[in-house]
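Reading through the structure tokens given below for one structure.
Just so we're on the same page: letters track the sequence lines, and every chain starts at 1. Side chains included, hydrogens not; waters and symmetry mates left out as well; all remaining heavy atoms used. From a predicted model like this one, the values you see are computed outputs, not experimental measurements.
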2 protein chains.
Amino acid sequence: MDAIDLNLIELLRGNARLSYAELARQVGLSAPAVHERVGKLESSGVIRAYRAEIEPESIGLGVTALIEIIEESAADTDDVLESFRAIPEIESCYFMAGVESFLLKARVGTIGELEALIVRLNRTPGVASTRTGIALSTKWENRPQPVGTPPA
Amino acid sequence: MDAIDLNLIELLRGNARLSYAELARQVGLSAPAVHERVGKLESSGVIRAYRAEIEPESIGLGVTALIEIIEESAADTDDVLESFRAIPEIESCYFMAGVESFLLKARVGTIGELEALIVRLNRTPGVASTRTGIALSTKWENRPQPVGTPPA
DNA sequence: GGTTCAGGTCGATCGCGTCCACGGACTGTA
DNA sequence: TACAGTCCGTGGACGCGATCGACCTGAACC
């Protein structure tokens with residue numbers, strides 16, 4: 001993981017559909033060299049996926065909510081997690097420090113669907129209570145920050 | 001925006017580097033037809049970007065925090081927003097319903113950097129107070145959910 | 001019925017992806 | 001210093017994909 005790798009990562013974060021030839025021009029290597037480097041970044045797990053970023057409203061997901069979960073004291077965290085994983089509306093799931101064990105980001109089409117989701121979460125075994133905040137608008141999301149120094 | 005467009009969106013959400021030829025095979029059209037459809041999805045803003053998803057730890061961003069912001073009552077929300085936009089560590093920014101005006105997702109390298117970020121946020125004009133939660137682990141993030149029915 | 005238009009296919013061309021053989025720098029060993 | 005092995009790159013070759021233009025088809029509208 002050297003400066004060229006970081007450069008490639010930054011380029012692909014900005015536009016995942018750049019051709020290897022174009023990447024090669026930008027970093028000053030040949031296309032096969034870039035191909036091999038990117039392949040290694042993928043297989044080592046540094047690059048997890050390439051995703052198109054879609055405007056949620058256009059695919060009928062106009063409501064964004066952030067939901068904090070408080071677990072029952074006796075809950076099995078892994079079981080709760082698996083229940084959450086089965087709910088497709090939950091786009092992100094963070095395990096948090098503090099009273100609330102989880103923070104979920106969910107997207108649904110309507111407030112009615114959000115209500116159904118919250119009911120479902122509250123009924124999930126191991127969940128003691130939930131606290132939901134609705135995002136009125138998403139100012140930005142997953143903005144890539146310039147890559148700094150890799151860890152020692 | 002018909003079923004084929006939704007199909008293309010779903011495919012590109014799963015792997016943004018699929019070739020047009022491959023997309024064409026999957027949706028049962030010719031490559032030029034797919035090329036034109038995807039081009040229209042891009043220029044109409046449905047597809048916002050193509051991004052490589054990077055494991056944050058590998059680029060030295062091991063600490064994830066979610067920060068709620070309470071604005072001063074006299075604050076100019078747009079000004080506050082612009083201040084936030086200038087801070088690269090803030091990956092996502094949601095404008096929320098409720099007492100806390102904003103929810104920010106930030107990623108930094110160390111707890112020390114997080115401290116510096118929180119201090120900076122608290123000093124930002126228009127910010128009354130902050131409340132920070134630290135993500136001990138990210139279970140998953142930006143998982144694409146199956147596309148449903150587009151809005152009427 | 002004729003016109004127009006959107007949106008598709010087909011064919012051709014050019015550049016890219018990808019495989020392979022080769023070469024230089026670096027390292028550890030005698 | 002000489003040598004061998006390894007890593008990481010380059011250049012060439014070849015088949016496939018991207019992309020353009022010409023043409024086709026069906027639906028909507030006069």
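- Residue whose closest nucleotide on DNA chain D sits further toward the 5' end, between A/R37 and A/R17: A/R37.
- Residue A/S30 is classed as a base contact, given a heavy-atom separation below 4.0 Å to a base.
- Residue B/V99 is found in a hydrophobic cluster whose other members, listed by chain and number, are B/I70; membership requires side-chain heavy atoms under 4.5 Å apart, directly or through intermediates.
- Distance, B/L18 CG to C/dG17 P: 14 Å, rounded to whole Å.
- OP1 or OP2 of D/dG17 sits under 4.0 Å from a side-chain N or O of B/R25.
- Distances from the side chain of A/K40 to the nucleotides C/dG11, D/dG17, D/dC8 place D/dC8 closest.
- The shortest non-hydrogen separation linking B/M1 to A/S58 is CE-O, 3.8 Å.
- As rounded to whole Å, 14 Å separates atom P of C/dG7 from atom CG of B/L8.
- Shown here for B/R143 and A/I90, the closest heavy-atom pair between the two residues is NH2-O, 2.8 Å.
- In the set D/dC20, D/dG17, C/dT18, the nucleotide with an atom closest to the side chain of A/P32 is C/dT18.
- In this structure, the nucleotide among D/dC8, C/dT18, C/dT9 sitting nearest to the side chain of A/Y20 is C/dT18.
- Nearest heavy-atom pair across B/L11 and B/L18 is O-CD1, 3.9 Å.
- Considering only the side chain of A/H35, C/dC19 comes nearest among C/dC19, D/dC20, C/dC16.
- Rounded to an integer number of Å, the gap from B/E36 CD to C/dC10 P is 16 Å.
- Among the nucleotides C/dC16, C/dT18, D/dT10, the one closest to the side chain of A/A21 is C/dC16.
- Here the nucleotide nearest the side chain of A/L29, chosen from C/dT18, C/dG8, D/dT10, is D/dT10.
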